[in-house]
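Worksheet: one structure, shown below.
Every value quoted in this text rests on a predicted model; they were computed, and no experiment measured them. The analysis underlying the following values was restricted to heavy atoms, covering all of them including side chains, and did not include hydrogens, waters or symmetry mates.
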Amino acid sequence: MLDLRVIREDPERLRASQRARGESEEVVDELLAADRSRRASLSEFERLRAEQKSLGKEIPPAAGEEKQALLARAKELAAAVKAAEAAADDAQQRLDQLAAVPSNIVLDGVPVGGEEDYTVLREVGEIPALEKVRDHLELGEGLGAIDTERGAKVSGSRFYFLTGVGAQLELGLLNLAMNTAVEAGFTPMITPTLVRPEVMAGTGFLGAHADEIYRLERDDLYLVGTSEVPLAGYHADEILDLSRGPLRYAGWSACYRREAGSHGKDTRGIIRVHQFHKVEMFSYCREEDAADEHERLLGWEERMLAAVELPYRVIDVAAGDLGSSAARKFDCEAWLPSQSRWLELTSTSNCTTFQARRLNVRERTETGTRQVATLNGTLGTTRWLVAILENHQRPDGSVAVPQALRPYVGGRDVLEPV
RNA sequence: GGAGGCGUCGCCUAGUCCGGUUUAUGGCGCCCGCCUGCUAAGCGGGUUGAGGUUCACCCCUCUCGCGGGUUCAAAUCCCGCCGCCUCCGCCA
C-alpha cells in the first residue's frame, strides 16, 4: 500500500514508477478521484454527526412538548447520519481497494524494464575450470546426500530427502548463516510457517503471485514461502522504538512454494522444490536509513557466499521484475557449472514503507508516528547446496568442503562417494 | 472439544448491574515548567492512536479487544467473533 498523501502531492512519482514496471498508469487518477470522493463523504458524515451529538445533549433536560419535538428531530437526524456514514464507509472501502492495486514506487536508479534488463554490479571469485562436470544431483546421489526418487515416491515431484552428509551440510549451512547473523547483531528467530490471511496479504504476496502460495482452506491459513512473512507480521500494529538503530531479526524456517507455472523448469535435482529451509534476514528501520541498510544486508549475504567459497555476481534487478512490495532488489547469483549459467542464491529487497503501511508498523518521532521501512535478505537456503556441490566437485566425484562448513560434517575436508 | 473468568488512552486502575452533566476516573512512568547548593522530594501543566479541516492555531469526527444490532443517545443493553487466564477432557 502507498501513502495517499504522497500520491496527492506528487502523483507523477507514482506514474513514473508504474511506467518503469510496465504497469497501469490509469490507477493513479482513479486513486485521486476515489480519495476526493472519500474526503467529501467523510466531511458530510462528520458534519451531521456533530449536529446529532449537540442535539442529543439538549434532550435530557427538556420536558413535555419541547422534548417530543426534539426527539422527533433527533430521529430524523439519526437516519441521515446512518446514511451518510454508510456512504462514507463505501467511499473508504473503494479507496482501500484501489490503494492496494499499485506496486511499491521503485527507487531512483533501478534499471527500467523486465527480467532481462538487470544491471550487473560486480562479479566476485573465480569460475572453476572443470574438465568433467557432474551436476549436483549426480554428485549428491554419489555421496548419498540427496534422494529425489524417494522424495517423489513419498510426496510427489519437487520433493526430496536430504540424507547423511546432505542433511549435515544443510544443517551446517543454516547454522553458519544463523551464527553469521547473530554475530552481526541479529536476533535469531524460529517462526511460525502458517500465517493468517491478513499477514500474508500485508507482505504483498497475495497479489500477482498468489498462485505460488499453499493455502489451508479448512483453517484459513497460508503456508509461508519465506520467514519474511511471519517476521513482517511480528510487529504488526505496533509502534517501534528505532532510536537505537534498526531492529534486525534472523528467521529460520521451512519454506513452501507451489511452483505453479514453472512446469518443466528446473525439474532435475533440488534447484526448484516445493519445500526447503532458509535463514532470512529481516530489518525494520527508518525510511531514510533503508538504502544504507539494504547495502548492509547485501554485505552480509556476500560474506556468507565468501564463507562457502562460491563464485557469484550481484545484479540490480530491473523494475518490471521486482515483487510488488520491493522498491529495489539485489540478487546474488552463484555460478552453476553444470548449466554454465548463474543461479539465484540470495535476494534482498528494500520494501521501504510499503509492507509497514499494510501491516501498520510505525515508529515514534518527535512530532508523532510514521511508517517504518522493512527490508529482507537471504542468508542461506537448501538451494545453496546445489552450488556448493557443483563448484567444489573433484574429478572423482568427491566434493571438497569449504573450510567454514567442515565443523558441521565431522571435520572432514572432502566428502567421498559412498 | 467442554465449563467459567477476563479484555478500558505505555503499565495498573475507576466506571459496566440501573444508557445521557464522562470533554472516560485516579495512580505509576514519561515530557515541559516552577522551586531548590546538586539530586531527591514538593508544586503546576502535558501525556492513546487515526482521520477531516486549516498557512497555522483552533475546531470537528472516529477510537473502551474486533464486527454487527437496539436507541434520539452505547465503555454501559443484545448478538456474533477474536485473544488471554483457570479447570476438565483429548492428543503429539
Side-chain angles (χ1 to χ4, degrees), chain A residues 1-10 31-100 190-202 216-223 230 233-244 247 253-254 284 286-287 353-372:
Chain A
M1 203 186 297
L2 300 164
D3 188 345
L4 275 169
R5 265 175 286 202
V6 168
I7 296 170
R8 230 183 272 160
E9 283 162 23
D10 187 7
L31 259 175
L32 291 172
D35 182 44
R36 275 193 299 272
S37 133
R38 162 186 148 267
R39 283 185 288 155
S41 59
L42 189 59
S43 291
E44 175 65 6
F45 159 67
E46 288 182 353
R47 188 183 65 76
L48 287 168
R49 177 69 175 149
E51 196 182 336
Q52 181 188 34
K53 282 175 76 168
S54 66
L55 187 61
K57 287 195 178 120
E58 295 174 30
I59 291 176
E65 278 185 32
E66 190 195 354
K67 185 157 192 166
Q68 291 312 310
L70 284 173
L71 280 175
R73 253 184 76 203
K75 196 158 190 169
E76 283 173 33
L77 198 49
V81 167
K82 200 166 182 176
E85 183 172 25
D89 286 349
D90 279 355
Q92 180 71 55
Q93 209 174 343
R94 277 199 303 277
L95 179 64
D96 289 345
Q97 278 171 5
L98 271 177
I190 294 174
T191 72
T193 53
L194 287 166
V195 299
R196 298 167 175 277
E198 311 89 82
V199 174
M200 188 57 88
L216 278 72
E217 200 162 351
R218 283 180 63 176
D219 301 286
D220 202 17
L221 290 169
Y222 290 91
L223 272 165
Y234 187 67
H235 284 306
D237 298 320
E238 294 182 24
I239 298 173
L240 307 179
D241 178 7
L242 297 179
S243 62
R244 280 167 300 185
L247 292 180
S253 81
Y284 294 88
R286 292 177 168 164
E287 187 172 13
T353 58
F354 188 85
Q355 288 178 334
R357 187 160 284 108
R358 292 183 171 207
L359 291 165
N360 191 26
V361 188
R362 291 168 291 164
E363 66 164 321
R364 201 170 290 287
T365 65
E366 283 176 12
T367 50
T369 66
R370 62 171 184 168
Q371 316 295 328
V372 303

* Which part of the nucleic acid, if any, lies within reach of A/L42 when heavy atoms closer than 4.0 Å are counted: base, sugar-phosphate only, or nothing? -> sugar-phosphate

* Of all of residues 81-97 of chain A, which get a heavy atom below 4.0 angstrom from RNA chain B, listed by number? -> A/K82

* Asked: Judged by atom type as modelled, is there a donor-acceptor pair below 3.5 Å linking the side chain of A/R364 to the main-chain atoms of A/S243?
  -> no

* Say you pick atom P in B/G67 and the same atom in B/G83; how far apart are they, in whole Å? -> 16 Å

* Grab the CZ-P distance between A/R362 and B/G49 for me, whole Å please. => 8 Å

* Let me know which of A/L32, A/L31, A/L4 forms a side-chain contact (heavy atoms from CB on, under 4.5 Å) with A/L98. => A/L31

* Structure fact -> Between A/T369 and A/L70, the residue closer to the 5' end of RNA chain B by nearest nucleotide is A/T369

* Asked: Of A/I239, A/L240, A/D237, which is the lone residue that meets side-chain contact (heavy atoms from CB on, under 4.5 Å) with A/V361?
  -> A/L240

* Candidates B/G49, B/G51, B/G52 - which lies nearest the side chain of A/S43 -> B/G52

* Structure fact -> Which of B/A50, B/G52, B/C72 is nearest the side chain of A/A74? It is B/C72

* Quote, to the nearest angstrom, the C1' distance that separates B/C38 from B/G51. => 47 Å

* Closest to side chain of A/I239, choosing from B/G49, B/A50, B/G52 -> B/G49

* So which nucleotide from B/U61, B/G51, B/C72 ends up closest to the side chain of A/R38? -> B/G51

* Structure fact -> Taken to the nearest whole Å, CZ/A/R47 to P/B/G52 is 19 Å

* Give A/R370 one of three labels, base, sugar-phosphate or nothing, depending on what nucleic acid heavy atoms sit under 4.0 Å from its own. => nothing

* Structure fact -> Testing B/C62, B/G52, B/G49 for proximity to the side chain of A/K53, the answer is B/C62

* **Over all atoms of both residues, closest heavy-atom pair of A/L95 and A/A34** => CD1-CB, 3.8 Å

* Structure fact -> Assert: residue with more 5' nearest nucleotide on RNA chain B, out of A/A50 and A/R39, is A/R39

* To do: For nucleotides B/G29 and B/C12, find the distance between their C1' atoms and express it as a whole number of Å.
  => 11 Å

Please tabulate, one pair per line, each protein N/O and nucleotide N/O from nucleotides 80-84 of chain B that are separated by under 3.5 Å, including the distance.
none

* To do: Return the value, rounded to whole Å, for the distance between atom CG of A/D35 and atom C1' of B/G52.
  => 11 Å

* To do: Taking Watson-Crick and G-U wobble pairs with both distances under 3.5 Å, convert RNA chain B into its dot-bracket string, 5' to 3', dots for unpaired and | for cross-strand pairs.
  => ((((((((.[[[..)....(.....]]]((((((.......)))))).((((......))))..[[[[[..)....]]]]])))))))....

* Considering only side-chain heavy atoms of A/R5, which listed nucleotide, B/A74, B/G51, B/C72, is closest? -> B/G51

* **A/E198 CD - B/G65 P separation (whole Å)** => 19 Å

* To do: Taking atom C1' in both B/U76 and B/G7, compute the distance separating them and give it to the nearest angstrom.
  => 15 Å

* To do: Could you please name the option among B/A74, B/C72, B/G51 that lies closest to any side-chain atom of A/R49?
  => B/A74

* Asked: In terms of side-chain geometry, is the basic nitrogen of A/E85 or A/K82 positioned less than 4.0 Å from the acidic oxygen of its partner?
  -> no

* A/D89 versus A/Q93, side-chain donor and acceptor atoms under 3.5 Å -> no

* To do: Name the closest nucleotide to the A/Q52 side chain, picking from B/G49, B/C60, B/C72.
  => B/C72

* When you compare B/A56 with B/A73, how far apart are their C1' atoms, in angstrom units rounded to a whole number? -> 35 Å

* Smallest separation among heavy atoms of A/L48 and A/A80, with atom names -> CD1-O, 3.9 Å

* OP1 or OP2 of B/A50 less than 4.0 angstrom from a side-chain nitrogen or oxygen of A/R357, does that happen here? -> no

* **Listed nucleotide nearest any side-chain atom of A/R364, set B/G49, B/A74, B/G52** => B/G49

* Considering only heavy atoms from C-beta outward, does the side chain of A/V81 approach that of A/F45 to under 4.5 Å? -> yes

* Inter-nucleotide C1' distance (B/G19, B/A74), Å rounded -> 6 Å

* To do: Report yes if the side chains of A/L223 and A/L194 come closer than 4.5 Å at any heavy-atom pair, otherwise no.
  => yes

* Look at the side chain of A/S41 and the backbone N and O of A/S37, then say whether any donor-acceptor pair between them is shorter than 3.5 Å. => yes

* **Derivation and outcome, side chain to side chain contact (heavy atoms under 4.5 Å, CB included), residues A/D3 and A/Q371** => CA-CA 9 Å; A/D3 188 345; A/Q371 316 295 328; over 6 Å; no

* Rounded to whole angstroms, how far apart are NZ on A/K75 and P on B/A73? -> 9 Å

* Return the value, rounded to whole Å, for the distance between atom CG of A/L48 and atom C1' of B/U53. => 16 Å

* Asked: Which value, in whole Å, describes the distance between the C1' atoms of nucleotides B/U8 and B/A24?
  -> 8 Å

* Asked: Shortest non-hydrogen contact from A/R286 to A/L242?
  -> N-CD1, 3.8 Å

* Asked: Any Lys/Arg nitrogen of A/R94 or A/D90 sitting under 4.0 Å from an Asp/Glu carboxylate oxygen of the other?
  -> no

* Return the value, rounded to whole Å, for the distance between atom CG of A/N360 and atom P of B/C66. => 13 Å

* Non-hydrogen side-chain atoms of A/H235 and A/L247 separated by less than 4.5 Å -> yes

* Asked: Tell me: CG of A/L55 to P of B/C72, nearest whole Å?
  -> 12 Å

* Asked: When the C1' atoms of B/C31 and B/C85 are considered, how many whole Å apart are they?
  -> 35 Å

* How is A/R73 classified with respect to the nucleic acid when contacts are heavy atoms under 4.0 Å: base, sugar-phosphate, or nothing? -> nothing

